[in-house]
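Shown next, in structure tokens, is the structure this report addresses.
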Amino acid sequence: MTTLSADDLVSRQYEALPYPARNPRDEARRLIEGSPGALPEMRHWIFGGRLPARMRVLFAGGGTGDGCIMLAQQLADAGIAAEITHLDMSAAAQKIAAERAAIRGLKVDFVRGSLLDVERLAPGPFDYIDCCGVLHHLADPAAGLAALRSVLARGGGMGLMVYGRIGRSGVYDMQDALRLLAPEGDPPAARLAIAKRLLPALPTTNRLRRNEAVTDHLNGGDAGIFDLLLHSRDRAYDVESFVGLIEDGGLGLASLIEPARYQPETYLLDPQLRRIAGDLDPRDRAVLAERLAGNIARHVAYVVHPDHEALPPAPLDPDAIPVWSRTDGAQMAAAMGSDRVLKLTLDGLAYRFPLPQSAPVIARAIDGRASVGEIAAQVKVQGFERAWPATFAVLNGISRLFLRRA
Ligand SMILES: C[S@@+](CC[C@H](N)C(=O)[O-])C[C@H]1O[C@@H](n2cnc3c(N)ncnc32)[C@H](O)[C@@H]1O
């Protein structure tokens, strides 16, 4: 019997079960949006609110195409010229991504191979590199990040996603359990069948069963179950090891996403605790927030080349233009309710964000075209210069509102 290496097992998995499972025909009825890679979000955090005239974009380990299709569509809708490359070692995943692009009439170049060979396969420089859910499957994630950095344009940046150790509570227990019940050398279909027998009958105290932040095994089909519980190589990061990976890789952290989830005040009401947390340095604040929340199962970050200079526009810059992502002003204003507290549930936790009294009026005036100065003149809200930045901080903190420059 030949023993397969971890690399072989990872390749075999993504050929047999391209991830995430997608049916190209669904492109006719919806666009999947998320982070990293959403146009308003990466433009804000990486490009100071204004994209280069002609973008070169790389999706490294682009899989079945969620991020790639989203950004290609958003760039096309915005009339921004872009050259988009999808690099992946799985032919099966690329076939699905290519069909999705074709149905939408989007032009994407597909390159097959490992991101470790990116310099040879898809020479840069790229203005934006998206690497979502891939580095943590490599034998050496730092080598993968270094390879990507070597093809990053000087003014450019990347959107990264790696697994969150704390939020994935229970996942590694189940991977251990399944290694005993369904050894790694067994055929993937047999291992999957064992996992499916096990899942419905887990004890109520099982940590995966209790973890509301992880749902791939519940709604990701066979590919989701395999990727989560039967993967032959994944590692998870706490926020400090993720930031360490970024900084050791010679990159600067622009923001963790969603920013509010990495702010201890999101979880602390007690004034004394808030004061102590407020005095911590930025990294410790993120560490504290992650430990308090317990539900960050994936870390997303925008990172920039060290020579990069653009900063996100300041909220009070009168020429900055607020733009929604995945929502609109009417929807957000309605969600603020009569008590002016924005309530939303993310990964099992009910978040509450108090807002200024005038937040709904301001939200309704944001249409993606009007500048901050124009909105101020239109809404005529007393204390706009305090209410608007406070409103923006909350909505930007949950990655629903960003700024662009004309
Ligand atoms: C978990 S999927 C993520 C797909 C996509 N980025 C997303 O978030 O929807 C991981 C993808 O990375 C690809 N992959 C893994 N190792 C790779 C490598 N060394 N080079 C290129 N692609 C790789 C796999 O084939 C798979 O399609």
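Counting starts at 1 for both ligands and their atoms, following the listed order.
- When all heavy atoms of Arg235 and Leu138 are compared, the pair lying nearest together is NH2-O, 3.7 Å.
- The pair Asp234-Arg168 meets the salt-bridge criterion, with a side-chain N (NZ, NE, NH1 or NH2) lying under 4.0 Å from an Asp/Glu carboxylate O.
- Checked for salt-bridge contact, Arg274 and Glu265 miss the test: no charged N lies under 4.0 Å from a carboxylate O.
- Close N/O approach between Ser114 and ligand 1 is found [any backbone or side-chain N/O within under 3.5 Å].
- Of all atoms in ligand 1, numbered sequentially from 1 with element shown, those under 4.0 Å from a heavy atom of Gly63 are 4 (C), 27 (O).
- The closest approach between any non-hydrogen atom of Pro20 and ligand 1 is below 4.0 Å.
- The contact set between ligand 1 and Leu138, taken as ligand atoms under 4.0 Å from a residue heavy atom, comprises 16 (N), 19 (N).
- If you look at His86 and Phe110, their ring centroids are closer than 6.0 Å.
- With respect to Arg326 and Glu33, no salt bridge is recorded, no charged nitrogen being found less than 4.0 Å from a carboxylate O.
- Atoms of ligand 1 lying under 4.0 Å from any heavy atom of Tyr19, numbered from 1 in the order shown and given with element: 1 (C), 2 (S), 4 (C).
- Taking every non-hydrogen atom of Gly113 and a distance limit under 4.0 Å, the qualifying atoms of ligand 1 come out as 20 (N), 21 (C).
- Atom OH of Tyr19 is separated from atom OH of Tyr14 by 7.5 Å, given to the nearest 0.5 angstrom.
- Under 4.0 angstrom from ligand 1, the non-hydrogen atoms of Val134 all belong to its side chain.
- Near Gly133, meaning under 4.0 Å from any of its heavy atoms, are these atoms of ligand 1: 1 (C), 10 (C).
- Ring planes of His137 and His231: parallel class, angle under 30° (limits at 30 and 60°).
- Considering backbone and side-chain atoms together, Asp88 places an N or O closer than 3.5 Å to an N or O of ligand 1.
- The closest approach between Leu116 and ligand 1 stays at or above 4.0 Å for every heavy atom of the residue.
- Taking only non-hydrogen atoms, the option from Met89, His136, Glu15, Met70 nearest to atom 17 (C) of ligand 1 is Met89.
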Residues 243-259, side-chain donor-acceptor partners within the protein, below 3.5 Å, at least two apart:
from, atom 1, to, atom 2, distance (Å)
Glu247, OE1, Arg283, NH2, 2.6
Glu258, OE1, Arg261, NH1, 3.3

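- Between the CG atom of Leu346 and the CD1 atom of Ile296 there is a distance of 10.0 Å, given to the nearest 0.5 Å.
- The shortest N or O to N or O distance between Cys132 and ligand 1 is below 3.5 Å.
- Residue Leu115 holds the heavy atom nearest to atom 20 (N) of ligand 1 of all those in Asp7, Leu228, Leu115.
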